[in-house]
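First comes the structure, then the notes that go with it.
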Amino acid sequence: MENASIADLWDRVTGTQPDPPWWLVALVGVVALGTVLHGPTWRVARNTVTIAHEGGHALAALVTGRKLDGIKLHSDTSGVTVSRGKPHGPGMVFTAFAGYVAPPLLGLLFALLLAAGRITLMLWFTLALLAAMLVMIRNAYGVLSVVGTGALVFAVSWFGSAEVQAGFAYLAAWFLLLAATRPVIELQRMRSRRMAPSSDADQLAHLTGVPGAAWVTMFGAVALASLFAGGALLVPSDLSLPDLPDVPGY
């Protein structure tokens with residue numbers, strides 16, 4: 001019985017699900033865009049982008065052989081990832097570069113999974129990423145932020161109907177793709193006011209000699225390319241209208 005349950009769970013996670021109707025994809029896309037553009041809502045939702053940003057730094061540090069000491073997330077939606085290793089060289093450059101490109105690339109990965117009909121797999125992959133990140137969180141707000149996000153994803157993936165799961169998954173993908181450009185714009189605005197002397201772009205400028213503005217441009221280019229590619233994957237090919245109830249007399 002236990003083996004059967006595990007097998008059923010595996011089939012549920014790795015199996016494919018039908019594409020949601022185009023109007024649902026469009027609706028959650030509009031909601032995601034509104035979340036990015038509406039200031040008060042953005043200040044709350046931006047925590048999700050920060051989780052992806054710091055997760056990108058952490059993953060890059062591990063891939064390049066640096067020792068990851070921990071991650072802190074703050075209520076002002078800022079964060080910091082601390083790693084040890086050479087203070088210069090390709091590993092440090094890759095680690096510093098990974099933060100701003102992680103959210104759009106994650107959104108693109110989500111779009112690839114959704115285009116392949118792997119809605120449940122995308123949700124559980126998100127849970128796995130959050131669980132891995134939780135191990136490295138070093139402050140209370142960070143724990144609350146990651147656990148809260150994970151609890152929401154789990155509740156949707158375990159208790160939600162197929163339509164709810166699809167809507168939530170597409171909302172998450174749209175949000176990451178659309179949200180990725182706003183932090184880049186905010187970064188350059190702060191740099192122009194000399195309010196971010198130790199930003200990722202300025203650290204990269206110090207490490208490579210390439211101007212910080214060039215790195216900001218690269219962050220923006222990755223965000224826009226991911227948005228165009230991911231958006232093309234998320235827009236369904238079937239644009240049929242939803243079924244309407246019959247009206248007597250017609």
Check step by step if side-chain contact (heavy atoms from CB on, under 4.5 Å) holds for V222 and Y100.
-> CA-CA 9 Å; V222 172; Y100 278 96; over 6 Å; no
Starting from [Y], can I reach [X] by hopping between I/L/V/M/F/W/Y residues whose side chains sit under 4.5 Å apart?
X: L105; Y: Y170; result: no
X: L62; Y: M92; result: no
X: V82; Y: Y141; result: no
X: F125; Y: V156; result: yes
X: V143; Y: L130; result: yes

Any side-chain heavy atom of [X] sitting closer than 4.5 Å to one from [Y]?
X: T35; Y: L171; value: no
X: L224; Y: T181; value: yes
X: L233; Y: L112; value: yes

I'd like to know whether L33 forms a side-chain contact (heavy atoms from CB on, under 4.5 Å) with W174, so could you lay out the CA-CA distance, the side-chain angles of the two residues, the decisive distance to 0.1 Å, and finally the verdict. CA-CA 8 Å; L33 180 60; W174 273 124; over 6 Å; no
Supply the atom-to-atom distance [X] [atom1] to [Y] [atom2], rounded to the nearest 0.5 angstrom.
X: I71; Y: H57; atom1: CD1; atom2: NE2; result: 10.0 Å
X: L134; Y: L127; atom1: CG; atom2: CG; result: 11.5 Å
X: I185; Y: M190; atom1: CD1; atom2: CE; result: 14.5 Å
X: M136; Y: L59; atom1: CE; atom2: CG; result: 12.5 Å
X: L152; Y: T126; atom1: CG; atom2: OG1; result: 11.0 Å
X: L68; Y: T95; atom1: CG; atom2: OG1; result: 9.5 Å

[X] side chain to [Y] main-chain N or O, any donor-acceptor pair under 3.5 Å?
X: T64; Y: A60; answer: yes
X: S157; Y: W124; answer: no
X: S226; Y: A223; answer: no

Can you see which heavy atom on [X] is nearest to which on [Y], and at what distance?
X: V49; Y: A179; value: CG2-CB, 3.9 Å
X: A98; Y: G56; value: CB-O, 3.4 Å
X: L177; Y: G231; value: CD1-N, 4.1 Å
X: P20; Y: A166; value: CB-CB, 3.9 Å
X: G167; Y: V28; value: O-CG1, 3.6 Å
X: A205; Y: P211; value: CB-C, 4.1 Å

Counting only pairs under 3.5 Å, give me each side-chain donor-acceptor contact of residues 114-123, with atom names and distances, residues two or more places apart or in other chains.
unit_1, atom_1, unit_2, atom_2, d
R118, NH1, T14, O, 2.1
T120, OG1, Q17, NE2, 3.4
T120, OG1, Q165, OE1, 3.3

Check: Which is it for H53 and D200 under the side-chain contact (heavy atoms from CB on, under 4.5 Å) test, yes or no, and what are the steps along the way?
Finding: CA-CA 11 Å; H53 180 111; D200 291 352; 3.2 Å; yes
Given the rule in the side-chain contact (heavy atoms from CB on, under 4.5 Å) test, do N139 and H74 qualify, once you have shown the distances and angles that lead to the verdict?
CA-CA 8 Å; N139 68 325; H74 305 297; 3.9 Å; yes
Quick note, salt bridge (Lys or Arg N to Asp or Glu O under 4.0 Å) partners involving residues 54-76, not counting sequence neighbours, are D69-R84
Paired with L73, the side chain to side chain contact (heavy atoms under 4.5 Å, CB included) test is passed by just one of N47, I137, V80, namely I137
Check: Do F97 and F219 have ring centroids that are under 6.0 Å from one another?
Finding: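 They qualify: ring centres under 6.0 Å apart.
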### Query
Taking the six-membered ring for Trp, are F154 and F159 parallel (under 30°), tilted (30 to 60°) or perpendicular (over 60°)?
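Geometry flag for F159 against F154: perpendicular rings.
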Any idea how W42 and F175 line up, ring-wise: parallel (<30°), tilted (30 to 60°), or perpendicular (>60°)?
tilted
Sorted by chain and residue number, the salt bridge (charged side-chain N to carboxylate O under 4.0 Å, His left out) partners of R191 (sequence neighbours excluded) come out as D202
| message | How about NE2 on H206, more than 12 heavy atoms from neighbouring residues, nucleotides or ligands closer than 6.0 Å, or not? | response |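 12 or below, so no.
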